[in-house]
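Working notes, structure below.
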Number of protein chains: 2
Amino acid sequence: MEETKVDLEKAAQTLKLLGDKTRLTILGLVKNHECCVCEFVEVLQMSQPSISQHLRKLRDAGLVKEQRKGQWIFYSLNTSHDTYPIIQQVLEQIPNQKEKLKALEEAGLRIQCDR
Amino acid sequence: MEETKVDLEKAAQTLKLLGDKTRLTILGLVKNHECCVCEFVEVLQMSQPSISQHLRKLRDAGLVKEQRKGQWIFYSLNTSHDTYPIIQQVLEQIPNQKEKLKALEEAGLRIQCDR
DNA sequence: TGCATATATAAGTATATGCTTATATTATGA
DNA sequence: TCATAATATAAGCATATACTTATATATGCA
């Protein structure tokens, strides 16, 4: 009668990664569509190495997948991760980050990498 | 048409606190009923100061409420916290911690403070 | 009043975290 | 094949975190 639960230790590990404004925003962005590193840099206004390091943590934990497309590397949410149900629920409770990308585009600010 | 969302910064702050095995277990315990410090010590098998310090973080952030009852101080979930929706969702995804308390009792292991 | 119990706080310490700057890697295109 | 763009990695550093041990505070009871 119980739905499947996420192991508490794994849950804590994932929540620790979600417990950072930068990473939470990144996940909010890839919730909708895959993004390349330069987009995160642009939206979050942070240095490229800093973004890369956050992405590495998320990837090492398996929360996001990466896929190279030529010059760019695109990140997307790994929906088959054990703790995905938690991530999904959390992301539903925070404001949609898609707006941030849209706002950028509408302001005519070109995203560094030409997509 | 949007449900109320939790501010991303506040969400991250709460998730950081949830991102620790000890604190996540504590919240899982107080989800059902209020608990006193000695119960956490017993269930988690950690030192009393360590537990107290975790509880202080949770209380400072407003995630739990404390209520003194004579010699004991009982902690309970603060269901009116801004980020409560997140906590609630997360706790639904992890195994019920109530079992741990039950197991203790059934094993005949007395909880330190007499309730 | 004085001792025991429950809890909090303080100080110290080892490790983790998140940035920075500098440099390496990989792919594109002239 | 060389320059440039996109990204990753490394090293260094300041700050945060989660314990430990020692001590303080508050309540209950003889």
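No hydrogens or angles were tested; on distance alone, nothing pairs the side chain of B:Glu66 with the base of C:dT7 as donor and acceptor under 3.5 Å. Judged by atom type and distance alone, A:Gln48 reaches the base of D:dA8 through a side-chain donor-acceptor pair under 3.5 Å.
For B:Lys10, the NZ atom sits in a loose shell: 12 or fewer heavy atoms of surrounding residues, nucleotides or ligands are nearer than 6.0 Å. Within 6.0 Å of NZ on B:Lys100 lie more than 12 heavy atoms contributed by other residues, nucleotides or ligands. Atom CD of B:Glu9 sits in a sparse spot, with 12 or fewer heavy atoms from other residues, nucleotides or ligands closer than 6.0 Å.
Of the residues near DNA chain D, A:Arg68 and A:Gln53, the one whose nearest nucleotide (by heavy atom distance) lies more toward the 5' end is A:Arg68.
Comparing D:dT17, C:dT7, C:dT20 against the side chain of B:Ile73 picks out C:dT7 as the nearest. Distances from the side chain of B:Ser52 to the nucleotides D:dT17, C:dG18, C:dT9 place C:dT9 closest. Checking C:dT7, D:dT7, D:dG28 against the side-chain heavy atoms of B:Gln71 singles out D:dG28 as nearest. Residue A:Trp72 places its side chain closer to D:dA6 than to any other of D:dC19, D:dA6, C:dT7.
Salt bridge status for A:Glu92 with A:Lys31: absent, with no side-chain N to carboxylate O gap under 4.0 Å.
In this structure, A:Ser50 does not reach the C:dG18 phosphate: none of its side-chain N or O atoms is under 4.0 Å from OP1 or OP2. Here A:Tyr75 does not reach the OP1 or OP2 of D:dA6: none of its side-chain N or O atoms lies under 4.0 Å away.
Taking atom NZ of A:Lys57 as the reference point, atom P of C:dA16 lies 11 Å away to the nearest angstrom. Distance B:His54 NE2 to D:dT17 P: 12 Å, rounded to the nearest Å. Rounded to an integer number of Å, the gap from CD of A:Gln13 to P of C:dA16 is 13 Å. Between A:Arg56 atom CZ and C:dA24 atom C1' the separation is 13 Å, expressed in whole Å. For B:Met46 and D:dA18, the CE to P distance is 10 Å, given to the nearest whole Å. Remark: C1' of C:dA6 and CG of B:Leu55 are 13 Å apart, rounded to the nearest angstrom. Straight-line distance from the CG atom of B:Leu58 to the C1' atom of D:dT17: 14 Å, rounded to whole Å. Here D:dA6 presents its P atom at 11 Å from CD of A:Glu42, a figure rounded to the nearest Å.
With B:Leu27 as the partner, the side-chain contact (heavy atoms from CB on, under 4.5 Å) test is satisfied by one option alone out of B:Val90, B:Ile94, B:Thr22, B:Leu58: B:Leu58. When each of B:Gln67, B:Glu66, B:Glu34 is checked for a side-chain hydrogen bond (donor to acceptor under 3.5 Å, both in side chains) with B:Tyr75, only B:Glu66 meets the rule. For the side-chain contact (heavy atoms from CB on, under 4.5 Å) with B:His81, the qualifying choice from B:Thr79, B:Thr83, B:Leu77 is B:Thr83, the only one to do so.
A:Phe40 comes within contact range of no nucleotide atom at all, as no heavy-atom separation falls under 4.0 Å.
Using a 4.0 Å cut-off on heavy atoms, the residues of residues 14-28 of chain B that approach DNA chain D are B:Lys16, B:Asp20, B:Thr22, B:Arg23, listed by number.
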Q. Taking it one step at a time, do A:Ser80 and A:Asn78 satisfy side-chain hydrogen bond (donor to acceptor under 3.5 Å, both in side chains)?
A. CA-CA 5 Å; A:Ser80 51; A:Asn78 178 11; 2.9 Å; yes

